[in-house]
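Just below is one structure, and these are the notes that go with it.
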Amino acid sequence: MDYKYILREKQDHIGLLTLNHPETLNALSSAVLEELGNVFDELEADKEIYVVILTGAGRSFVAGADIAEMSRLDPEAGRAFGRLGAAVFRKIELSEKIVIAAVNGYALGGGCELAMACDIRIASVKAKFAQPEVGLGIIPGFSGTQRLPRLVGVGKAKELIYTGTPIDGTEAFRIGLVNKVTEPDQLMQEAKAMALTIASRSPLALKYAKEAINRGIETDIDTGIAFENGYFGLCFGTTEQKVQMQAFLEKKK
């Protein structure tokens, strides 16, 4: 499928997606969200890709949802727009692929929410994160009120959402919103290095680990442990486990 707003590359079991609409700072319109959902459907079916890196073209990761489009919405259309964004981001969160957000610039509103739907976030020191929606008379609509407290704690999430104050990559790292912060010219190098490390691991083990984490974090510790045990057992029925453990015992790669 051809895409108007997304560039795609593939190398070494890594898929690189670049949101490419710099004239709007890669704002998330309905059309962009639909393309993003479709491209992840394609990625899910591609067994040669284990890790996905998501970044933005120009000086922005994603500057937010498309305000021009939102300004025309009534309550019913607003709910539909929110459901679309939330569904696409949930698809990313639940993807079998490991998804790394390489946040190169503005990650505001829907851009911050998109980064939070990824497994891992690496940010430039020049990145800017914010949930500024209350300044526009709305609240975060693509699951930001749910993911941000889970990542940085309830109190800090409330501060960021209530004030709409932006923070840079260094502060985002300090509060646990991102995993790593780099100089701008090292961002993609760091993201690709991490992606290569992850891609060298067992694809099924990565899938099961992600599912165990995602399911377990939403429940009590005993249920989570039971989820982990189930996935742990499944690993022993895979060819990857047999081959890799035997290679370890024989001191082979």
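When reading the values below, keep in mind they use all heavy atoms of this one structure, side chains included, and skip hydrogens, waters and symmetry mates.
Under the ring-ring contact (aromatic ring centres under 6.0 Å, His included) criterion, F173 pairs with no residue, sequence neighbours left out. Residues satisfying the ring-ring contact (aromatic ring centres under 6.0 Å, His included) test with Y3, not counting sequence neighbours, are none.
Applying the 6.0 Å contact sphere to OH of Y106 captures no more than 12 heavy atoms from other residues, nucleotides or ligands. Counting heavy-atom neighbours within 6.0 Å of E76 CD, excluding the residue itself, gives a total of 12 or less. By the 6.0 Å contact criterion, NZ on K158 is open, its count of non-hydrogen atoms from other residues, nucleotides or ligands being 12 or less. Within 6.0 Å of atom CD1 in I217, 12 or fewer heavy atoms from other residues, nucleotides or ligands are found, so the atom counts as exposed in its surroundings. Within a 6.0 Å sphere centred on CD of Q189, other residues, nucleotides and ligands contribute 12 heavy atoms or fewer. The environment of CZ in R59 is sparse: at most 12 heavy-atom neighbours from other residues, nucleotides or ligands sit within 6.0 Å.
The closest side-chain heavy-atom distance from L108 to F129 is not below 4.5 Å. Residues P140 and I161 form a side-chain contact, since some pair of their non-hydrogen atoms from C-beta on lies under 4.5 Å apart. Taking the side chain as every heavy atom from C-beta outward, T182 and V125 never approach each other to under 4.5 Å. Counting heavy atoms from C-beta on, the side chains of I6 and N20 never come closer than 4.5 Å. At least one side-chain heavy atom of K180 sits under 4.5 Å from a side-chain heavy atom of E190. Between L54 and I100 there is no side-chain heavy-atom pair separated by less than 4.5 Å. Side-chain contact between I213 and E228: absent, with no pair of heavy atoms (C-beta onward) separated by less than 4.5 Å. Put simply, the side chain of L17 does not reach to within 4.5 Å of the side chain of L7, judged on heavy atoms.
Without hydrogens or angle criteria, R72 side chain to A68 main chain gives a donor-acceptor distance under 3.5 Å. For the pair R121 (side chain) and A115 (backbone), a donor-acceptor distance under 3.5 Å is present. No side-chain donor-acceptor contact under 3.5 Å links K10 to the backbone of I49. Side-chain atoms of T223 never come within 3.5 Å of backbone atoms of T219 as a donor-acceptor pair (strictly under, hydrogens ignored). Between the side chain of K242 and the main chain of F236, a donor-acceptor pair closer than 3.5 Å is present. Counting only distance, with no hydrogens or angles, the side chain of T197 and the backbone of A193 share a donor-acceptor pair below 3.5 Å. Remark: the backbone N or O of E48 is paired with a side-chain donor or acceptor of D46 at under 3.5 angstrom. Although no hydrogens or angles enter the test, the distance criterion places no donor-acceptor pair under 3.5 Å between the side chain of N104 and the main chain of P184. Formation of a donor-acceptor pair under 3.5 Å by the N214 side chain with backbone atoms of E93 is found in this model. Judged by distance alone, the side chain of N38 and the main-chain N or O of E34 form a donor-acceptor pair under 3.5 Å.
Pairing each heavy atom of V178 with each of A123, the nearest pair is CG1-CB, 4.0 Å. Closest approach of F61 and A107 over heavy atoms only: CD2-CB, 4.1 Å. Minimum heavy-atom separation, L36 to L19: CD1-CD2, 4.4 Å. The two residues G144 and M116 come nearest to each other via the heavy atoms CA-CE, 4.0 Å. Between E240 and A205, the shortest heavy-atom distance links the atoms OE1-N, 4.2 Å. For Y5 against E35, the heavy-atom pair with the smallest separation is N-OE1, 2.9 Å.
For the residue pair Y50 and R201, no side-chain donor N or O sits within less than 3.5 Å of a side-chain acceptor on the partner. If you check the side chains of Q131 and E133, you find a donor sitting under 3.5 Å from an acceptor. For the residue pair E44 / S95, a side-chain donor-acceptor distance below 3.5 Å is found, with atom types taken as modelled. Using modelled atom types, one finds a donor on one side chain and an acceptor on the other under 3.5 Å when comparing E69 with S30.
Follow the hydrophobic side-chain contacts under 4.5 Å out from M188 and you never reach V52; the two are in separate clusters. Follow the hydrophobic side-chain contacts under 4.5 Å out from V88 and you reach V39 in the same cluster. Note on F40 and V51: separate hydrophobic clusters, where clusters join Ile, Leu, Val, Met, Phe, Trp and Tyr whose side-chain heavy atoms are under 4.5 Å apart, directly or indirectly. By the rule that hydrophobic residues join a cluster once side-chain heavy atoms approach within less than 4.5 Å of another member, L73 and L33 end up as members of one cluster. Grouping the Ile, Leu, Val, Met, Phe, Trp and Tyr side chains by contacts below 4.5 angstrom, directly or via other members, places I120 apart from L177.
In summary, the aromatic rings of F81 and F142 are positioned with their centroids under 6.0 Å apart.
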### Chi angles and distances behind the side-chain contact (heavy atoms from CB on, under 4.5 Å) call for D168, K126
CA-CA 6 Å; D168 62 19; K126 293 187 176 181; over 6 Å; no

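When V32, T24, N26 are each tested for a side-chain contact (heavy atoms from CB on, under 4.5 Å) with L28, only one passes: V32.
With respect to K210 and E96, no salt bridge is recorded, no charged nitrogen being found less than 4.0 Å from a carboxylate O. A salt bridge links R150 and E218; the closest N-O separation between the charged side-chain nitrogens and carboxylate oxygens is under 4.0 Å.
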